[in-house]
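Chain A is the first sequence line, chain B the second, and so forth, proteins listed ahead of strands; every chain is numbered from 1.
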Amino acid sequence: MKGNETMLDFRTSKFVLRISRDSYQLLKRHLQEKQNNQIWNIVQEHLYIDIFDGMPRSKQQIDAMVGSLAGEAKREANKAKVFFGLLKEPEIEVPLDDEDEEGENEEGKPKKKKPKKDSLGSKSKKQDPNAPPQNRIPLPELKDSDKLDKIMNMKETTKRVRLGPDCLPSICFYTFLNAYQGLTAVDVTDDSSLIAGGFADSTVRVWSVTPKKLRSVKQASDLSLIDKESDDVLERIMDEKTASELKILYGHSGPVYGASFSPDRNYLLSSSEDGTVRLWSLQTFTCLVGYKGHNYPVWDTQFSPYGYYFVSGGHDRVARLWATDHYQPLRIFAGHLADVNCTRFHPNSNYVATGSADRTVRLWDVLNGNCVRIFTGHKGPIHSLTFSPNGRFLATGATDGRVLLWDIGHGLMVGELKGHTDTVCSLRFSRDGEILASGSMDNTVRLWDAIKAFEDLETDDFTTATGHVNLPENSQELLLGTYMTKSTPVVHLHFTRRNLVLAAGAYSPQ
Amino acid sequence: MEPGKMALPKNAPRDALVMAQILKDMGITEYEPRVINQMLEFAFRYVTTILDDAKIYSSHAKKPNVDADDVRLAIQCRADQSFTSPPPRDFLLDIARQKNQTPLPLIKPYAGPRLPPDRYCLTAPNYRLKSLIKKGPNQGRLVPRLSVGAVSSRPTTPTIATPQTVSVPNKVATPVSVTSQRFTVQIPPSQSTPVKPVPATTAVQNVLINPSMIGPKNILITTNMVSSQNTANESNPLKRKHEDDDDNDIM
């Protein structure tokens, strides 16, 4: 027992309890009357009583917030200012609705049609007070290919379906057959063109979802022969002989538990039980780098929304922030008491959320590695996290089957969605944040009304000071639909740019 | 697989019944049937590893049998390797504090694929092509000699072997290697007689040379070893030891 680290953690750290001042007075008086010094000693030695002024909490509120292995969060743990706003989109000139036109217009080039400016960028000229400064953390600059991607993105956005309670999305389910319970990770690119699966046999397989096949770049000897000045040079560097729908990537020496595509679709990350995170090139379909730092299984990894940075979390109870061009991590987020199961970037790439087996969710600042939020309330290890597209809210799912909604700015739980009967292993908000989709091991996908869940929030200074909010029992009203699969746990959810839901799982026959 | 199903048939192997009982004693009530198989595999693997190690220790100590001391030593030595736990929390907090103090590095613009320095990547070739030209026949008792030479990255020209030369005899072009100190073990020349390869003693072909292994020490050791039996050779002139091509062992 001496060497067991978890035991040491429990014995040295104090269990945090939040209690109102009135209740605390009552408790103290009661214990002193009974003259039961034993309990009082235990209380003093092992408990940290965080007293708040205000109304005592109801049983329902207390039940909602307890569950973590270290007690609840102290009030000052959730006091730091968090910049939850989104970064401003760079202004890109978009050519008018001509489908054939591609590429930007140069500023100085005279055009017959007046180019339409990127409406997203110029909407708010002043700085959003909740958004981080643009250069708070260094981010890679936009390359031409990124700008082209953004233009495609905007074009798709105009065709996006607006979802709501009366307009539910269609769900397209990708079932992995013959995986024999070996499917351990799935990721889909942002433009929904590639799916990657990580398997227990330590392979990573990449499929093309569109009719366009996967090609690898030609060998160096052939590349020297092509005409570099031609317009379609990006097509010419691809080797037609290697076209196939499936590419298998070998390299890991243990089951692959996490997968993540880079936003520019050039790289794929995979994290495995062998303790490494591997970076694969999607142009040559070979492994480029193995990042060694965790010496224990790495349960999850994710690229930052802007590329270049990625985060990984594993059995060693820390999450690490890496950059693709550094062989050692840039930041270490230590504080959890048990394995870090799930790691996600905030849409503005300045914060990382980690969900852990100690039943807490922590929000970390990338700039200095500090833990800025601790969210308790789940009654089991957390397996899924997702940020809302506007950056203000976080949804978390755990083995207790509940989906909890958190307001990041105020640090409060603002919603509880009950309905699943087994671990919620995947969560995703729709592209504009109207619907929250949750996939679970109970073989269902449920759609929840996110707009209604977040409206009428009574978050003001008073509730922030007390640290809790009255949670309405409205799970039934918020549930928009339950969709059952035959016997396929829903491992991954993805909203395409037009708000179609893609779900993925491996068929496991009973 | 349905969770919670734990009824084993009565004619299940005794080991499986024992394992099921162990799980029950440890308080685990719900598990898939595959868990028993996995636990049995683990137990088997652990026990055989320990016993193999114990056998090695007892033979090292020149004991006729494996006894309890050997097993104890084997367990002790393996425990540090296999059953490690993650570092303690205060240690993690400490290194986190250190790591998080340095500001995030600035990103160089226009850098192409952003990868770590080459020695930390897996992008280098990990093979060398074997030259197809066979050496001329050699025979006789061959004594391996060690000679050291500094080699640059140009290919060394072959020479008919005198013991002092660096290159491998009769090779047209030795493959270009990393710039490194190269030790070649040189075999003195032998007369030309027909050579018959003897599998047991012929040298090893080019093996995979992993540049990352070479990296820090920068020593590439190529050996041209032919172990030959003196008597066997002299007794049967036809049984020639075939001195094969460049056999490169990394040491």
Checklist line | Audit row: A:Glu141, B:Arg114, salt bridge (charged side-chain N to carboxylate O under 4.0 Å, His left out) steps and yes/no | finding: CA-CA 12 Å; A:Glu141 84 277 1; B:Arg114 295 196 159 96; 3.6 Å; yes
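- Contact annotation for A:Tyr327: both backbone and side-chain heavy atoms come within less than 4.5 Å of a heavy atom of chain B.
- Checked by atom type and distance alone, the side chain of A:Asp339 never pairs as donor or acceptor with a backbone atom of A:Asn341 at under 3.5 Å.
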Below 3.5 Å, can you tabulate the donor-acceptor pairs from side chains in residues 69-78 of chain B to any protein atom, sequence neighbours excluded?
{"residue": "B:Asp69", "atom": "OD1", "partner": "B:Arg72", "partner atom": "NH1", "Å": "2.9"}
{"residue": "B:Asp70", "atom": "OD1", "partner": "B:Lys63", "partner atom": "NZ", "Å": "3.1"}
{"residue": "B:Asp70", "atom": "OD2", "partner": "B:Asp67", "partner atom": "N", "Å": "3.2"}
{"residue": "B:Arg78", "atom": "NE", "partner": "B:Asp53", "partner atom": "OD2", "Å": "2.7"}
{"residue": "B:Arg78", "atom": "NH1", "partner": "B:Gln81", "partner atom": "OE1", "Å": "3.1"}
{"residue": "B:Arg78", "atom": "NH2", "partner": "B:Asp53", "partner atom": "OD2", "Å": "3.4"}

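- Contact annotation for B:Pro105: both backbone and side-chain heavy atoms come within less than 4.5 Å of a heavy atom of chain A.
- If you measure heavy-atom distances from A:Thr286 to chain B, you find no contacts under 4.5 Å at all.
- Residue A:His294: no heavy atom, backbone or side chain, is found under 4.5 Å from chain B.
- With sequence neighbours excluded, no residue forms a salt bridge (Lys or Arg N to Asp or Glu O under 4.0 Å) with A:Arg331.
- With a threshold of 4.5 angstrom between heavy atoms, A:Arg320 does not approach chain B through any atom at all.
- The contact between A:Leu279 and chain B is made entirely by side chain atoms (from C-beta outward), counting heavy-atom distances below 4.5 Å.
- Residues A:Arg136 and A:Leu367 form a side-chain contact, since some pair of their non-hydrogen atoms from C-beta on lies under 4.5 Å apart.
- Of the listed residues B:Leu104, B:Leu106, B:Thr123, B:Leu92, the one with more heavy-atom pairs under 4.5 angstrom with chain A than any other is B:Leu104.
- Taking the six-membered ring for Trp and the full ring otherwise, the centers of A:Phe310 and A:Tyr291 sit less than 6.0 Å from each other.
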